[in-house]
Amino acid sequence: MSAVQAVTPFETIRTPDAASRPVKIHTVAVKVTYGQKEALHGVSIDIPEKAVTAFIGPSGCGKSTFLRCINRMNDTIAGARVEGTIKLDDQNIYDPDLDVVELRARVGMVFQKPNPFPKSIFDNVAYGPRIHGLARSKADLEEIVVTSLQKASLFNEVKDRLNEPGTGLSGGQQQRLCIARAIAVSPEVILMDEPCSALDPIATAKVEELIDELRANFTIVIVTHSMQQAARVSQRTAFFHLGHLIEEGPTDHVFTNPLEQRTQDYITGRFG
Amino acid sequence: MSAVQAVTPFETIRTPDAASRPVKIHTVAVKVTYGQKEALHGVSIDIPEKAVTAFIGPSGCGKSTFLRCINRMNDTIAGARVEGTIKLDDQNIYDPDLDVVELRARVGMVFQKPNPFPKSIFDNVAYGPRIHGLARSKADLEEIVVTSLQKASLFNEVKDRLNEPGTGLSGGQQQRLCIARAIAVSPEVILMDEPCSALDPIATAKVEELIDELRANFTIVIVTHSMQQAARVSQRTAFFHLGHLIEEGPTDHVFTNPLEQRTQDYITGRFG
Amino acid sequence: AEQIHIAGSSTVLPYATIVAEAFAEANPNFKAPIVEGGGTGAGLKEFCKGVGDDTIDIADASRPIKAEELDACKAAGVTEVQEIRIGYDGIVFASDIKGPDFAYEPADWFNAIGAQVLKDGQLVDNPNAKWSDVKAGFPDWDIAAYIPGEKHGTREVFELNVLLAGCKATKAYDAFIASGLAKADAEKACAKVRKDGKAVDIDGEYNETLARIDSNKTGIGVFGLAFYENNKDKLKVATMSGISPSVETIAKGEYPVSRPLFFYVKKAHLGVVPGLKDYVEFFLADQMIGPRSPSVAKGLVPAPKSEREQVLADFQAGKTL
Amino acid sequence: MTEAASRLPVSRLGGPEVRAISRIDIGLRRRYAAERRFRAYGLAAVTIALCFLLALFGSIVGKGYTAFQQTRIAMMVDFDASIIAPDGDRSPAAVLSGNAFRFDDLIAASLQKTLELDPDDEDGLYDGLDLLSKGSAPMLRSMIAKDPSLIGTKRSVDFYATGDVDSFVKGTIRADIPESQRLIKDKHIALIDKLEKDGALHLAFNTGLFTNGASTRPEMAGVGVALVGSLYMMLVVLVLSLPLGVAGSIYLEEFAPKNRWTDLIEVNINNLAAVPSIVYGLLGLAVFINFAHLPRSASLVGGLVLTLTTLPTIIIATRAALKAVPPSIREAGLGVGASKMQTVFHHVLPLAMPGVLTGTIIGLAHALGETAPLLMIGMKAFIVEYPTTPLDPATALPTQIYMWATEPERAFTERTSAAIIVLLAFLLAMNSLAIILRRAFERRW
Amino acid sequence: MGPLWLLALIAGLSFFGFVLGHWKSVVLSGKGRDALAARPGYYGAYVLIWTAIPALLILVVLSVARPFLVEHTVRVNLPEQVLANPTQLSLEISGVRQVATGLKLATHEELEDIRIGVVAARSVFARHGLPLGEDVKPYQLIAASALNVVSDGLNTAVDIAVVAALAFGLIFAFVRVKPRLRARNLVESTILAILIGASSVAILTTVGIVLSLLFQALQFFSVVSPINFYFGTVWDPRFAAAGSTESGQFGFLPLFWGTIYISFFAMLVAVPIGLFSAVYMAEYATSKVRSIAKPLIEILAGVPTIVYGFFALTTVGPLIRDFIALPLGLGTSGNNVLTAGLVMGIMIIPYVSSLSDDIITAVPRSLRDGSLALGATRSETMRQVILPAALPGVVGAVLLAVSRAIGETMIVVLAAGVAARASLNPFEEMTTITVKIVNQLTGDLEFTSPQTLVAFALGITLFVITLGLNVLALTIVRKYREQYE
Ligand SMILES: Nc1ncnc2c1ncn2[C@@H]1O[C@H](COP(=O)(O)OP(=O)(O)OP(=O)(O)O)[C@@H](O)[C@H]1O
Ligand SMILES: Nc1ncnc2c1ncn2[C@@H]1O[C@H](COP(=O)(O)OP(=O)(O)OP(=O)(O)O)[C@@H](O)[C@H]1O
Ligand SMILES: [Mg+2]
Ligand SMILES: [Mg+2]
């Protein structure tokens, strides 16, 4: 509990480190078109390994779109077309030879709108480990589920009702369930689209805690609308605007000393 | 523009007034049970007219549940049972004689998860006015739609694509669409379940602006996880915890001088 | 083929099944024959598909096989077809039991449902709306005649023995000839049935006709003799040219409306399909289609003994078409 | 700077607020009337549908229930060894062979005793025999063949009365019309009365209706063969059409690229549903019998043809159900690294299951009642012997019903309705499993 | 081994293969050098597929080839004069086959007797319960014993081939099981292939249907000109008097009109009742009522059509005649379009109601909530939000119902009659294309006449018409579909 007490929502930046790391995801000129509409106009960014990268930007600027490119979830949208290069560990993920399923197993995702399966809470979390064979035994599986739920700080609330449907949870609980579901398969990269939008400050703090913990081993990309959150958890920040990547750099730089006026304006809420 | 510029996300409380107002919604010992599980254990609260009341509390504490009681949306959940009294303008809304449709027309709601209809953006907003016959003519209807979208500060982003489906919007855009949809029928009471959760600070500020403006004529209840937001927009704040209403009062009181330790702890993020 | 397979006319079907059943009972060591309905055309089509294991052995027919069909048979390798004539089918006219008695002449039917009839010496589109218009003394009923559909073998008999006869009797035939039609065309014109709904084609079975009379008590239906016999508590039969239809009057040739029934045997199968030869012989036995046989009880009009003997002899002699 | 911002103050003046102050009439009264009407239409629709069902059921059951009982005539039979086994050989084979008329003698003898006839009264004997089913002698013979120990004993045997007697006893042949029009003669009625008084003539449950094969004698006819044939066919249909239909739909809906080709296929499958079933019969005749040389009249072929007729229904239902599953479910599955195949089989298909099962229920119901295609492949047939495998000749319930419906004898009329009841019972039994399954899969989200 | 035994063997070994593959992958992963690329189950399935599919293929191929081989054997053993008559051949072959069966039944001594000719084979076989139509000819005996030899040999060959395939597949796949092997992808592509195969059944069916109709339709059109057929207004394919060649009038239009008219009335009954029932069950009824009403209504689809037919003929038709047609002076017939439409409509109610109900229930609740929260009544929600979202499914259901209506015969025959007429008055008799297809195919008419062949022309025309209907429906759905989420 001490950790939680240390973080109060009104405190400011938890000084992220600015160490340079190998690149995990390398993208060049990624363009996305939905039907006629171009939603991303050529985004090039390098996402470092074992660090948290935050995407910020006004609503509708293409953050989710870009995130969904990284694990090729845009494939599922009829009419969505992706151009450009995205490399994960030097492998082009839009390579026709690439196994999308493996990619998605390596690059997990928490969606913006929580979408639990209409199954029990337990099965929601156990599904990933089951199909990937991460558990050797039933006990193993249970442990994975419990740990994941605990990490997503949902366990206490649902421990008596693991067999009830995940769709019967509150909004914030569903969101945490989806986080638990994503981390249960321990992917190398975790893409989180506003994972704390429906969470109260304490739950948020715990999830941030989790993210901080995860970055020791995983690469994390998080979309957030909260500057504070970006400042607190991320090491690098990318600012999107109207389908363009405006600026990208170490979080403290971006927040304290942005290169672009638009970034400055957005961060200070003086946008227009 | 001046209004927008005045609000920066890092500023603090916009001193809400503490004037006393007639009660709009009066609830006594509201209990809600989902199947076996009691989600609310008897909540009694008075919600004043023409003011903004904020519900705060940790995820899963029953805020949405309570909100859904006020316009009887819980009726639609199989297995949900509501006990106690809820009066709107002295009329018991659980009275079997009461007209639910009229109630819901008077008490609008923005859901936690944005749920646009699979119709065009225009039709999404026009739906309510159409069924209630609020527009005398096509031009009238168009005006309502445009104004509502403008108020939800979505208009600029979608003005070229009013005929495209609302489901093709980004998460934050969908949320604003749902706000526009709700205000288009100008209900007396507007229940907003985390209306800004997917919005960037500027959009949030605009929505807060809108809420502030609306309270001149409407009663507003808003669920939020952001203390700052509650402090900024609400005149009264209610704190929920584990299905109980812990404390309720003028917002500045609650935030600066809470009666209960738990409230204090929650607000300062020192919970547990 | 382990067992005899029969298909064809649904008029012959009841007799074929009676014989098949009796045959199976009398010869427990043969498997019971399979008898299908489906209509003469369909049966002959299956029959003429070829010889061999997966083709049928016998086709029941309510009309003689046509030359084209025989050609098709031969083209498919069914070169030797033996024709067996089993007896006759009587066709009767009946109405609801509660109604009055009818005594028809062919001319009445022609005047009632012919497309064009003679009126005051002129050929006109049939103007008769009620039976009383056809002949004084008939009841004041709207004409509603349920006649066999055009695809039925019975229809041909009806046209030939009733309509054409009536046409000739009313001199309409002469009028057709006089109007310049060739003989064949005049016969066709005689057989033409009015299309204004007073004559209703029944493509189904006699039960359907009965149900129609049930729902329209003033309707007159065309039935098989057997069907009438089994429903004479519901139906009242009419006489034709003064003769009341019965097995005896038809067998004697007094009652005019009847037709022969047949089945066709693939000679090539005789040696191969167990029991086929025995079945045919069994069929032709007195106990099966003789005057006191169950087939006759079911409505088959038996052929004279000499005729039956001749058919059997022809079969045994291997006579083919 | 932006347009929205500059317009904001303006819209504050007009717009919804103004209206809000004097609450406008939202036409509730009219809308409630519409709501009530809508609901009433719904209720009316369900009620009408159920009334139709009730009317149909009423008429069928009303006509058919009597067929479950049957008139029997109990007579003492002296299983005289000297008649049955004149050469002393009591083996079943010997019973079955030899002079078939010796069993008629047995029956005549016991009839004479039962009716207390003068041995020389031939007319009386024939009148008596008229009451008994013509199948009595074969019945007696197979009875003895089955149990040769009967030979030499005396035993009361329940003989079937003929269909006409049965109908008369049940009242479907009326006695109050002149004898010439009546289907049963006065002398027979007298005998029936006498037998009834003696207690020999009685009604018993008609087991033969369920166990016997086809017969030209209504009293001995049963739907046994048809039942087995239908059972085989439905098994074939279920085993083939459900997996084929579901697998095909999954491919078309979830995997196939969306292009003109798949559009064409979709239209095509919808169109297959509109092909008259007799055309499927023609196809089955050409493919399964003429080309693949499967035997005619076999329930396997019937099942295959019906599979083809059922497939479109199942595919259309399944595709509609798959379409109705929200895409977010698919995303959730893919998002945790499940393959498309896994997502479909683990999440999408279970959610679509109610629709799949509805398609199956309706498709099978249709298939069970279908006759036209069976006509083409020789399954509307007179078949006495039970099929032991799906390759043996068999008939089906609906074709049996049609055949009985065309029989002239009165006794077949009630049996037709009885056979329909059997078919409906079969249908209910078949569907109940699917219905239970469907209930299990139904969930709202 | 018989085919059933072989199938059982394949099933057994496949299962064994599954276990082996599973086991090996587990053991390999336990050694911990490489992580498995897929779940052990997929390795099992991989081995299973390799074990079962080649063996099954071989079994199928050999079973298909077998009759040809057997026939060939018999043929080479038949004397010239028999071979000279090719049409008799199949009969001869079946005769030989029976003899061959008999030879297997007979005992050793009996065979010897038959060979030296002391007893007739026929009587020997009869003793074993195999009746033959006629005496066995010597060449038949020769051919039959050759056949027995070959077919025994074939049996052994099949056994060996299948066992070899099993062994090969099992070992091959087992050896290939390595942690790096992407078993899941391989298994899934096999499943995909199976799915494609399943969907191609529908396509093949179409091809089959078109082919089975086309040739005879063309034959028909060589006798009757398509113009007379398609634009003819009189349907009167007169029963050609014996020997005559005249064929009659084949006007398609009255049938077409009858089909449209009757189907229209059927839909007029089924669509509102079905849709409203679906809406009621999905939205208003308690789950208990729904769980009873839905299966009950589904029974309507399973009642044999003859029941509907007689219901129409004896009950509905007279009612309509006596209470509507006669008072209005519109008709005197108990057989009419209205009756047929009404009764057919009843039959197809469940197609609309049950399928629509499922689809309506599948629409996510959030949409419903969204509408209700705006103050929409339930009916408004249903009409304006849920039904549009459920449109593709509902249209599919309606199409299915139309299809069923178009394909129905018995009801039309009994309720509307078989008279081909075109009239606007729904109280008159009319008939449909399908009725005529069935009638022309099953009557007593000669099968080579245009009167029978016209059924094929009607069939293919109907096919094309309904195809157009479906294209139209697809376009409508595309246009108005509201894809949720
Ligand atoms: N449909 C349901 N069935 C069963 N339990 C439910 C259902 N909806 C909510 N609950 C439970 O009721 C409790 C209150 O839920 P509610 O949605 O009101 O929480 P909340 O305060 O809105 O939380 P959040 O901030 O996460 O949205 C939670 O424990 C939740 O799991
Ligand atoms: N399926 C779609 N079809 C058409 N346009 C889309 C679709 N999804 C997103 N868009 C459009 O693409 C743009 C970028 O959307 P995206 O969801 O990436 O925004 P975002 O940055 O995630 O916004 P938010 O913060 O509101 O979630 C938006 O203008 C949106 O309207
Ligand atoms: Mg987004
Ligand atoms: Mg909530």
Side-chain angles (χ1 to χ4, degrees), chain D residues 31 34-35 38-39 41-43 45-46 48-50 52-53 56 244 247-248 250-252 267-279 282-283 286-287 308 316-317 320-321 323-324 326-328 339 341 354-355 358 361-362 365-366 368-369 372 398 401-402 405 420 427 435 444-445, chain E residues 188 191 194-196 198-199 201-203 205-206 208-209 212 273 276-277 279-280 284 291 293 295-304 306-307 311 346 349-351 354-355 358-359 362 364-365 377 379 392-393 396 399-400 403 406-407 434 437-438 441 459 463 466-467 470-471 474 484-485:
Chain D
R31 287 165 58 199
E35 168 79 15
F38 194 72
R39 191 190 168 118
Y41 292 153
L43 188 60
V46 173
I48 291 174
L50 292 179
F52 283 139
L53 185 71
L56 283 171
L244 272 181
I250 286 178
Y251 175 72
L252 293 171
V267 165
N268 215 329
I269 289 170
N270 289 354
N271 194 32
L272 282 182
V275 171
S277 52
I278 192 159
V279 176
L282 289 174
L283 179 71
V287 173
L308 294 184
I316 291 172
K323 269 203 189 94
S328 64
S339 69
M341 196 71 74
T358 299
I361 290 169
I362 293 184
H366 179 189
L368 181 65
I401 289 167
Y402 276 63
I420 292 169
L427 179 75
I435 288 165
R444 294 187 182 221
W445 68 83
Chain E
E188 285 186 355
I191 296 177
I194 293 173
L195 295 187
I196 293 177
S199 64
V201 170
I203 299 161
T205 309
T206 318
I209 282 176
S212 63
I273 295 187
F276 275 113
S277 303
V279 165
Y280 187 81
Y284 296 104
S291 69
L296 279 183
I297 293 180
E298 276 160 358
I299 296 177
L300 285 175
V303 175
I306 193 171
V307 177
F311 181 62
I346 299 173
I349 288 173
Y351 285 77
S354 279
L355 286 176
D358 287 330
I359 305 299
R365 212 188 54 215
T377 61
S379 62
L399 272 183
L400 200 56
S403 304
I406 290 176
T434 314
I437 294 178
V438 175
L441 281 175
F463 190 84
T466 50
L467 197 68
N470 278 299
V471 171
L474 185 71
Y484 42 81
E485 285 190 41

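We name chains A, B, ... by the order of the sequence lines, and we start the count at 1 in each one.
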Practice task
Could you have a look at D/P276, D/A34, D/G369 and say which one has the most heavy-atom pairs with chain E under 4.5 angstrom?
Solution key: D/P276

Exercise for the section: Specify which of D/V287, D/N270, D/V275 makes the most heavy-atom pairs with chain E at under 4.5 Å. Expected result: D/N270

Handout entry: Part of D/I362 within contact of chain E (heavy atom distance under 4.5 Å)
Key = both

Problem - Option that, when pairs with chain D are counted at under 4.5 Å, heavy atom only, ranks first among E/V201, E/I194, E/L195 - result: E/L195

Exercise for the section: Using non-hydrogen atoms and a 4.5 Å limit, figure out which bit of D/I435 sits close to chain E: side chain, backbone, both or neither. Expected result: side chain

Handout entry: Most contacts with chain D, counted as non-hydrogen pairs under 4.5 angstrom, among E/L474, E/L355, E/I346
Key = E/I346

Handout entry: Any side-chain heavy-atom pair of D/T358 and E/E298 under 4.5 Å
Key = yes

Completion exercise
So CG of D/N268 and CG of E/L467: to nearest 0.5 Å the spacing works out to 6.5 Å

Practice task
Return the option, out of E/L399, E/V279, E/T205, E/I406, with the maximum number of heavy-atom pairs under 4.5 Å with chain D.
Solution key: E/T205

Fill in the blank from the handout: All heavy atoms of D/L252 vs all of E/S199, minimum pair found to be CG-CB, 4.0 Å

Completion exercise
Bottom line for D/L308: the part with an atom under 4.5 Å from chain E's heavy atoms is side chain

Practice task
Side chain from CB out, backbone as N, CA, C, O: work out which of these in E/F311 comes under 4.5 Å of a heavy atom of chain D, or both, or neither.
Solution key: side chain

Practice task
Please tell me if the side chains of D/I278 and E/L441 come closer than 4.5 Å, counting only heavy atoms from C-beta onward.
Solution key: yes

Fill in the blank from the handout: Assert top hit (heavy-atom pairs under 4.5 Å, partner chain E, pool D/Y402, D/F52, D/Y41) equals D/Y402

Completion exercise
In terms of heavy-atom contacts, D/L50 and E/I297 come closest through CD2-CG1, 3.8 Å

Handout entry: Gap between atom OG of E/S212 and atom CG of D/L282 - 0.5 Å precision
Key = 6.0 Å

Practice task
Could you have a look at E/V303, E/I299, E/V471 and say which one has the most heavy-atom pairs with chain D under 4.5 angstrom?
Solution key: E/I299

Handout entry: D/L43, part contacting chain E, at a heavy-atom distance under 4.5 Å
Key = both

Practice task
List the atom of D/A405, the atom of E/I306, and the distance in Å for their closest heavy-atom pair.
Solution key: CB-CD1, 3.6 Å

Fill in the blank from the handout: If you tally heavy-atom pairs under 4.5 Å between each of D/I269, D/I250, D/I361, D/L368 and chain E, the highest tally belongs to D/I361

Practice task
Any chance you could measure E/T377, atom OG1, to D/F38, atom CZ, to the nearest 0.5 Å?
Solution key: 8.5 Å

Fill in the blank from the handout: For E/F276 and D/A45 the tightest heavy-atom approach is CB-CB, 3.6 Å

Problem - Inter-residue atom distance E/L300.CG - D/L53.CG, 0.5 Å rounding - result: 5.0 Å

Exercise for the section: Output the option from D/A247, D/A286, D/A320 having the highest count of non-hydrogen pairs under 4.5 Å with chain E. Expected result: D/A247

Handout entry: D/L272 to E/A202 - nearest heavy-atom pair and separation
Key = CD1-O, 3.5 Å

Exercise for the section: Could you tell me whether the side chain of E/V307 reaches within less than 4.5 Å of the side chain of D/I401, counting heavy atoms only? Expected result: no

Practice task
Determine the minimum heavy-atom distance between D/G355 and E/D358, stating which atoms define it.
Solution key: CA-OD2, 3.5 Å

Handout entry: Region of D/V267 that comes under 4.5 Å of a non-hydrogen atom in chain E
Key = both

Problem - Pairs of heavy atoms under 4.5 Å with chain D: top-ranked of E/I203, E/T206, E/I349 - result: E/T206

Practice task
Examine whether an atom of D/A273 lies under 4.5 Å from a heavy atom of chain E, and if so say whether it belongs to the side chain, the backbone or both; otherwise answer neither.
Solution key: both

